[in-house]
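Just so you know, these numbers come straight off a predicted model, no measurement behind them. Every chain is numbered from 1, with letters handed out A, B, ... down the list of sequences.
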There are 2 protein chains.
Amino acid sequence: MPAKKSAKIEKADIPRKTVYRLSIYSRCLQRLLENGIKTVSSEALAGAAGVKSPQLRKDLTYFGQFGTRGLGYDVEQLIKMISDLLGTTHLQPVVLVGVGNLGRALLSYRGFAKEGFDIVAAFDVRAVQVEDMRVTQPVYSMTELRQFVEQNLVRMAILCVPPEEAQEVSNDLVEAGVTGFMNFAPTVLQVPDEVTVNNVNLAIELENLSYFVGH
Amino acid sequence: MPAKKSAKIEKADIPRKTVYRLSIYSRCLQRLLENGIKTVSSEALAGAAGVKSPQLRKDLTYFGQFGTRGLGYDVEQLIKMISDLLGTTHLQPVVLVGVGNLGRALLSYRGFAKEGFDIVAAFDVRAVQVEDMRVTQPVYSMTELRQFVEQNLVRMAILCVPPEEAQEVSNDLVEAGVTGFMNFAPTVLQVPDEVTVNNVNLAIELENLSYFVGH
DNA sequence: AAATGTGAAGTTGTTCACAGCT
DNA sequence: AGCTGTGAACAACTTCACATTT
């Protein structure tokens, strides 16, 4: 069943970067709201987010018209529309696979919970509980991964396994119903079209910096 | 002193994405080398890196001509040229500022050392040593930051402080000689032109995924 | 014959300029 | 008058096609 092309803008037509910037706008708006600011112009919000104002306006109009000419945007309304769009209105369950150094590190990181994501369980070939008070999630054996994902309707997974295992683990997860990966393994994952992979590689990020810093 | 524009390709003319892909190519080449493969075609290497072959060739020719027509690229030579270029031939000192959850997590992560970076020290307003066996770096008080950076000629910093403090800390670091930041704080840093900032926000990365996964 | 290097074409994303609301 | 929404111009990046070299 090939998708029909239409003139209407659909998910696929929206630049990935636009979606990314939405998250940034959302954080800036949150700050404004905390300071009791009710309305903001594209100029001001763009400044806070580090982009130019036409960029911001174009980004928003991919999704509709939210501003009032001569006035600006309603802060609260914009926040609502962005979180609806990103799916962060409700807490989302996430599993983490691979409890090595990085995996443990991410499990103890409290930054996800604040943004609407809940790492509900971790999995590793060695299902030993982490003896760290800051890690509260249960660590299960790999053999339980599929069943857990299916039963809890988990759609997103954080992959921190060694590169050799990444492809196999992701295959299992996809079969169990996962459609989004945050992949920390330095591997190019082969996945079906409907599955999204966000590769994150901290070492590459540093290397990149190193180039611009010079030596 | 405005920079003179020239026809020759200089650092600024090279797409950021190209530099980023260089790191990916490097990792693929490393694997080839480990498997005893001496020569590789753009087609094969591009496949492994998840890009198209003209992309790879164009990326490389920004820096010179490294291939042999009819044959391909010499694996070892390419690795050498990329690491020279990225500045990862020699171990580089990095400081980490802000030893909260994420900071601690990154300190215990061994992935940087393998790629040529050495987190030599950490700094925090509360200079308490981390009682975690996996964290081996000393944690100093913020007041010692400037002197340490100057004396050890540190050029790169990993910022994990709360957003309110990020700007001030980065000002200090820039004055002390840091020209590259890996910024984990959800803030748009204002820095001089010659300073590079790589923003990394794991929560945004997850939010982004959430959008594509749907709900 | 095989595979690189590259100008030109194509695609995607950004910025501008201004028409059109409020 | 002020500020959004948007088509058109612009810039950046990617892909193609093929001439060139080994």
Side-chain angles (χ1 to χ4, degrees), chain A residues 5 7-25 28-29 32 37-75 77-78 81-82 188 208 211-212, chain B residues 5 7-25 28-29 32 37-75 77-78 81-82 188 208 211-212:
Chain A
K5 277 193 183 166
K8 190 166 160 290
I9 286 200
E10 295 183 12
K11 253 188 185 178
D13 299 322
I14 293 160
R16 232 182 135 108
K17 285 190 173 178
T18 291
V19 178
Y20 191 90
R21 282 190 296 264
L22 244 36
S23 291
I24 299 174
Y25 302 151
C28 297
L29 288 162
L32 293 175
I37 291 159
K38 296 257 185 285
T39 293
V40 68
S41 71
S42 63
E43 193 68 37
L45 181 53
V51 304
K52 305 229 167 131
S53 65
Q55 173 90 267
L56 167 64
R57 293 201 297 275
K58 182 136 277 193
D59 281 343
L60 294 180
T61 52
Y62 277 116
F63 306 99
Q65 301 188 177
F66 304 97
T68 312
R69 294 173 194 219
L71 197 72
Y73 299 90
D74 181 275
V75 173
Q77 185 200 340
L78 251 196
M81 103 78 175
I82 293 178
V188 180
N208 194 255
Y211 171 81
F212 290 101
Chain B
K5 279 198 180 161
K8 189 165 160 289
I9 287 204
E10 294 181 11
K11 256 190 184 179
D13 299 321
I14 292 161
R16 233 184 134 109
K17 286 189 173 179
T18 291
V19 178
Y20 191 90
R21 283 190 296 264
L22 245 36
S23 290
I24 299 174
Y25 302 152
C28 296
L29 288 162
L32 292 174
I37 291 159
K38 296 258 187 284
T39 293
V40 68
S41 71
S42 63
E43 193 66 39
L45 182 53
V51 303
K52 305 231 167 130
S53 65
Q55 173 89 269
L56 167 65
R57 293 201 296 275
K58 182 137 278 189
D59 281 343
L60 294 180
T61 53
Y62 278 116
F63 306 99
Q65 301 189 177
F66 304 96
T68 312
R69 292 173 196 223
L71 197 71
Y73 299 90
D74 181 277
V75 173
Q77 186 200 339
L78 251 197
M81 103 77 173
I82 293 178
V188 180
N208 194 255
Y211 171 80
F212 290 101

List, with names and distances, any nitrogen or oxygen atoms from the protein found under 3.5 Å away from nitrogen or oxygen atoms belonging to nucleotides 5-12 of chain C.
unit_1: C:dG5; atom_1: OP1; unit_2: B:Phe66; atom_2: N; d: 3.3
unit_1: C:dG5; atom_1: OP1; unit_2: B:Gly67; atom_2: N; d: 3.1
unit_1: C:dG5; atom_1: OP2; unit_2: B:Tyr73; atom_2: OH; d: 2.7
unit_1: C:dG5; atom_1: O4'; unit_2: B:Arg69; atom_2: NH2; d: 2.9
unit_1: C:dG5; atom_1: O3'; unit_2: B:Gln65; atom_2: OE1; d: 3.2
unit_1: C:dG5; atom_1: N7; unit_2: B:Arg57; atom_2: NE; d: 2.9
unit_1: C:dG5; atom_1: O6; unit_2: B:Arg57; atom_2: NH2; d: 3.0
unit_1: C:dT6; atom_1: OP1; unit_2: B:Gln65; atom_2: OE1; d: 3.4
unit_1: C:dG7; atom_1: O6; unit_2: B:Lys58; atom_2: NZ; d: 3.2
unit_1: C:dA8; atom_1: N6; unit_2: B:Lys58; atom_2: NZ; d: 3.4

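- Under the 4.5 Å side-chain criterion, counting only non-hydrogen atoms from C-beta, A:Ile82 is in contact with A:Leu29.
- Not counting sequence neighbours, B:Arg57 has no partner by the salt bridge (charged side-chain N to carboxylate O under 4.0 Å, His left out) test.
- Listed by chain and residue number, B:Ser53 satisfy the side chain to side chain donor-acceptor pair (under 3.5 Å) test with B:Glu43 (two or more places apart in sequence, or in another chain).
- Both B:Val40 and A:Gly70 lie close to DNA chain C; mapped to their nearest nucleotides by heavy-atom distance, the more 5′-ward contact belongs to B:Val40.
- Contacts of A:Asn208 classified as side chain to side chain contact (heavy atoms under 4.5 Å, CB included), with partners at least two apart in sequence or in another chain: A:Phe212, B:Arg16, B:Val19, B:Tyr20, B:Asn198.
- Every residue meeting the side chain to side chain contact (heavy atoms under 4.5 Å, CB included) condition with B:Thr18, not counting sequence neighbours, appears here in chain and number order: B:Ile14, B:Pro15, B:Arg21, B:Asp59, B:Tyr62, B:Phe63.
- Remark: P of C:dC16 and CG of A:Leu56 are 15 Å apart, rounded to the nearest angstrom.
- Mapping heavy-atom proximity under 4.0 Å, the span of DNA chain D touched by chain A runs 5' to 3' from D:dG2 to D:dA8.
- Every side chain to side chain contact (heavy atoms under 4.5 Å, CB included) that B:Val188 has, sequence neighbours left out, goes to B:Gln190.
- Partners of A:Arg69 under the side chain to side chain contact (heavy atoms under 4.5 Å, CB included) rule, at least two apart in sequence or in another chain, do not exist in this structure.
- Rounded to an integer number of Å, the gap from A:Glu43 CD to C:dT15 C1' is 13 Å.
- Put simply, the side chain of A:Tyr211 does not reach to within 4.5 Å of the side chain of B:Leu22, judged on heavy atoms.
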